[in-house]
Amino acid sequence: MNSYELHCIIDCSGSMAESGKPMLLVNLLRYIRQFTEKYSKSTRYLGWREDIAEIFWLAEADVELPVAEGSSDIAALCGWAEANSEATLLVLTDGYFKLNTEQRNQLTQFDNLYLIGVGGDADLAQLHTLSNHSYRAEQLDHVLHTIWRTEILACGPLLRVDLAGAIVESESGNDDEW
């Protein structure tokens, strides 16, 4: 999509503390950190409940989730998306939040909004109504590659191997009938 900064927004509502979601969320965040470090991508991590606030982790420290309680305010997400229109938004959520028609229409206007349904009980039907970029948690790798497809593909392989030459060299050596 673009080379702008990735804003990884983590739903910290009470429903995110259920059904194994915290461990899944930690592993998703670990993967995002590894992926963005590998490809030198700028990423901000943000917790979302009543408002959206930045989360800071030391580079050598493991992911620590904010406390999950209460409900997430969809108006805060709409406002954040509006104010940060140049960023790519990757929202990790189970989709259990209430929104009105105006908020639903506002979110569907953002082409830079990627939604990851966290947990086996994620409300994927609702997430699909908000963005064409809605995915299950196991599709995270695909999502990250989609976001930066042109830049990652432009890197190309670091080493090219002449397979035909390698096969000829190995055949000319000691042949043991294998």
Side-chain angles (χ1 to χ4, degrees), residues 1-13 16 20-68 72-74 76-95 97 106-119 122-124 126-161:
M1 172 159 178
N2 59 41
S3 60
Y4 299 118
E5 186 173 55
L6 178 68
H7 288 195
C8 183
I9 300 174
I10 305 158
D11 184 350
C12 298
S13 65
M16 293 297 288
K21 292 176 199 165
M23 195 65 224
L24 175 58
L25 196 52
V26 165
N27 285 326
L28 292 171
L29 291 166
R30 285 174 179 160
Y31 185 78
I32 293 167
R33 283 175 70 176
Q34 291 171 358
F35 184 96
T36 56
E37 286 174 13
K38 177 179 179 181
Y39 292 106
S40 303
K41 300 299 176 189
S42 177
T43 306
R44 293 176 65 190
Y45 297 93
L46 306 128
W48 167 40
R49 200 175 354 212
E50 294 88 25
D51 59 354
I52 295 181
E54 192 151 12
I55 300 170
F56 296 99
W57 295 303
L58 297 174
E60 62 277 351
D62 198 7
V63 171
E64 288 188 35
L65 296 177
V67 175
S72 294
D73 183 8
I74 197 69
L77 180 62
C78 291
W80 188 268
E82 191 75 37
N84 296 280
S85 60
E86 293 297 312
T88 299
L89 307 179
L90 179 66
V91 181
L92 304 174
T93 182
D94 58 8
F97 45 80
Q106 184 179 2
L107 289 176
T108 60
Q109 300 305 309
F110 297 112
D111 190 42
N112 61 335
L113 177 64
Y114 290 79
L115 301 168
I116 303 294
V118 178
D123 189 351
L124 296 172
Q126 172 158 284
L127 297 179
H128 287 304
T129 66
L130 300 176
S131 174
N132 290 330
H133 306 295
S134 299
Y135 303 90
R136 290 185 168 94
E138 62 266 18
Q139 295 173 298
L140 179 62
D141 182 63
H142 168 75
V143 172
L144 294 173
H145 277 90
T146 299
I147 290 170
W148 289 299
R149 172 163 280 136
T150 56
E151 295 172 31
I152 292 172
L153 292 177
C155 293
L158 298 177
L159 177 65
R160 296 188 187 271
V161 177

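Note that the numbering runs from 1 along the sequence shown for the chain. The structure displayed is predicted, hence computed values, not measured ones.
Below 30°, between 30° and 60°, or above 60°: for His145 and Phe35 the angle between ring planes is above 60°, a perpendicular geometry.
Within a 6.0 Å sphere centred on CG of Asp62, heavy atoms belonging to other residues, nucleotides or ligands number more than 12.
Judged as a side-chain contact (heavy atoms from CB on, under 4.5 Å), and not counting sequence neighbours, the contacts of Pro22 are Leu65. A search for side-chain contact (heavy atoms from CB on, under 4.5 Å) contacts involving Thr93 returns Asp11, Trp48, Val91, Phe97, Leu127, not counting sequence neighbours. Listed by chain and number, the residues in a salt bridge (Lys or Arg N to Asp or Glu O under 4.0 Å) with Glu54 are Arg44 (sequence neighbours excluded).
Proximity of a side-chain donor or acceptor of Arg136 to a complementary backbone N or O of Leu124 within less than 3.5 Å is not detected. For the pair Asp123 (side chain) and Gln126 (backbone), a donor-acceptor distance under 3.5 Å is present. In terms of modelled atom types and a separation under 3.5 Å, the side chain of Ser131 and the main chain of Leu113 share a donor-acceptor contact.
Separation of atoms CG (Leu90) and CD1 (Ile10) is listed at 9.5 Å; rounding is to 0.5 Å.
Put simply, the residue from Leu92, Asp94, Leu24 that forms a side-chain contact (heavy atoms from CB on, under 4.5 Å) with Met16 is Asp94.
In this structure, Leu6 and Trp148 have side chains that are in contact, with non-hydrogen atoms separated by less than 4.5 Å. Side-chain contact between Leu29 and Cys8 is present, with heavy atoms from C-beta onward closer than 4.5 Å.
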